[in-house]
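Reviewing the structure listed below.
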Amino acid sequence: MIYSEEVLQKTLNLGKKYLHEGAVADYIPELAKVDANKIAISVIENDELHSVGDSKVKFSIQSVVKVILYSIAMDNYSVDELKKYVGVKPSAKAFNSVIELELSDKSIPVNPFINAGAIVIVAILYNIYKGETFDIILKKARAFLGDDVDYSREIAESEKESSFTNRTLIYLMLSRGIIPNDIQVEEVLDTYFKACSILVNTENLAHMSYVLSNNGKNLKGEEIITERESRILRSLMATCGTYDYSGDFAIRVGLPAKSGVGGGIVTASNKNTGLAVYSPRLDSHGNSYCGVRMLEFLSKELNLYIY
Ligand code: DON
């Protein structure tokens, strides 16, 4: 047993000491309404789910969904084909940086886990699935996370109303021909906002972590993604999953991971386990403040580093 009840509780208590640090994302007004003192860890080990803290509390998945979006893109195209529209390079600026997009080669987003990259991926999916796109995304999200997940209409609407930076990114990409200019811009953005607004808890994210760590198979042994896709996603999580903090995260925690401004972090490992954390106050890079500290502590305590 790697994750004893004692070590999980010790980690949660350590995390609680940092609850006052960081700030809840408020550039999306609906996100500012959450209870900032929630904190949780969920793990899957030996086919069983264990949690400590507020593991039933739902929050929006936000950028963690970008892993799922890229997996659907890989069902349709090779990474080399996708690289014409979105790269696989680490980012050096904030997750919604306009200047990084402007300065990147041909204004191709550097990777699929920053906002510009995920918006391109949604545009690519929209070209294939048209009005069905969000249904396809939700179906795949349920396969990763659990059948009961749905999205928050309030958060999706709030994202739309405060979408100035994301609009800047999509119009810049339209002007550079990265996204074809006959695309339905509003439909693409609405689909992206809905995807970011999918509600999850750490239990859902632990299931996603298990799929990523277990070469694409869920607890029932069903193939959610291929082994190759899981390897590519873990690689991208390692290099790009916590944005411009990814290098620090790799040193501190030593596991591939993907964060979201909702406060969730999903990890991946090379063991048949799942591990996810939540706490909504964020550091300056947009990663859960307590979440990173809890993962760092757990990693040291249990020697989880895989690099
Ligand atoms: O588009 C946005 O800004 C959000 N829906 C997602 C950003 C996000 O989660 C970045 N994460 N740390």
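One-based numbering, in listed order, for ligands and for the atoms of each.
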- Note on the structure: Interatomic distance, CD1@I306 vs CG@L255, rounded to 0.5 Å, equals 6.0 Å
- Query: For the atom pair OG (S230) and CD1 (I225), what is the distance rounded to the nearest 0.5 Å?
  - Reply: 5.0 Å
- Here the atoms of ligand 1 under 4.0 Å from any heavy atom belonging to G286 are 12 (N)
- Message: Students often mix this up, so state it plainly: with edges at 30° and 60°, are the rings of Y243 and F95 parallel, tilted or perpendicular?
- Response: tilted
- Decide whether a cation-pi geometry holds between K194 and F134; the criteria are a distance under 6.0 Å from NZ or CZ to the six-membered ring centre and an angle within 45° of the ring axis. yes
- Message: Residue-level breakdown please: for S63 versus ligand 1, do any non-hydrogen atoms fall below 4.0 Å on the side chain, on the backbone, on both, or on neither?
- Response: both
- Partner of R167 under salt bridge (charged side-chain N to carboxylate O under 4.0 Å, His left out), chosen from E159, E161, E186: E186
- Query: CD1/I72 to CE/M74 distance, rounded to the nearest 0.5 angstrom?
  - Reply: 10.5 Å
- Query: Taking non-hydrogen atoms only, is N166 closer than 4.0 angstrom to ligand 1 via side chain, backbone, both or neither?
  - Reply: side chain
- Could you tell me which atoms of ligand 1, counted from 1 in the order shown, lie closer than 4.0 angstrom to a heavy atom of V261? 7 (C), 8 (C), 9 (O), 10 (C), 11 (N), 12 (N)
- Message: For ligand 1, which is the ligand I care about here, please tell me if K66 has any N or O atom under 3.5 Å from one of the ligand's N or O atoms.
- Response: no
- Only residue of T239, N111, L101 satisfying side-chain contact (heavy atoms from CB on, under 4.5 Å) with S91 is N111
- Note on the structure: closest protein heavy atom to atom 1 (O) of ligand 1 is Y192 OH, 2.7 Å
- Which protein heavy atom lies closest to atom 3 (O) of ligand 1, and at what distance to 0.1 Å? Y27 OH, 2.6 Å
- Item | Gap separating the CE atom of M294 from the CG atom of L14, nearest 0.5 angstrom | 8.5 Å
- Non-hydrogen atom of F193 closer than 4.0 Å to ligand 1: no
- Item | N115 N/O under 3.5 Å from ligand 1 N/O | yes
- Item | Heavy atom of the protein closest to atom 5 (N) of ligand 1 (residue, atom name, distance) | Q62 OE1, 2.6 Å
- Task: Enter the distance from N37:CG to R281:CZ here, rounded to the nearest 0.5 Å.
- Result: 5.5 Å
- N/O separation below 3.5 Å, C196 to ligand 1: no
- Query: Using a heavy-atom cut-off of under 4.0 Å, does the side chain or the backbone of H285 touch ligand 1, or both, or neither?
  - Reply: neither
- Query: Is there a heavy atom in N96 that sits closer than 4.0 Å to ligand 1?
  - Reply: no
- Which atoms from ligand 1 have a heavy atom of Y243 less than 4.0 Å away? 8 (C), 10 (C), 11 (N), 12 (N)
- Query: Which ligand 1 atoms, with their elements, are less than 4.0 angstrom from a heavy-atom of G260?
  - Reply: 9 (O), 11 (N), 12 (N)
- Task: Could you tell me which atoms of ligand 1, counted from 1 in the order shown, lie closer than 4.0 angstrom to a heavy atom of E159?
- Result: 4 (C), 5 (N)
- Message: To the closest 0.5 Å, what do you measure between NZ (K56) and OG (S51)?
- Response: 6.5 Å
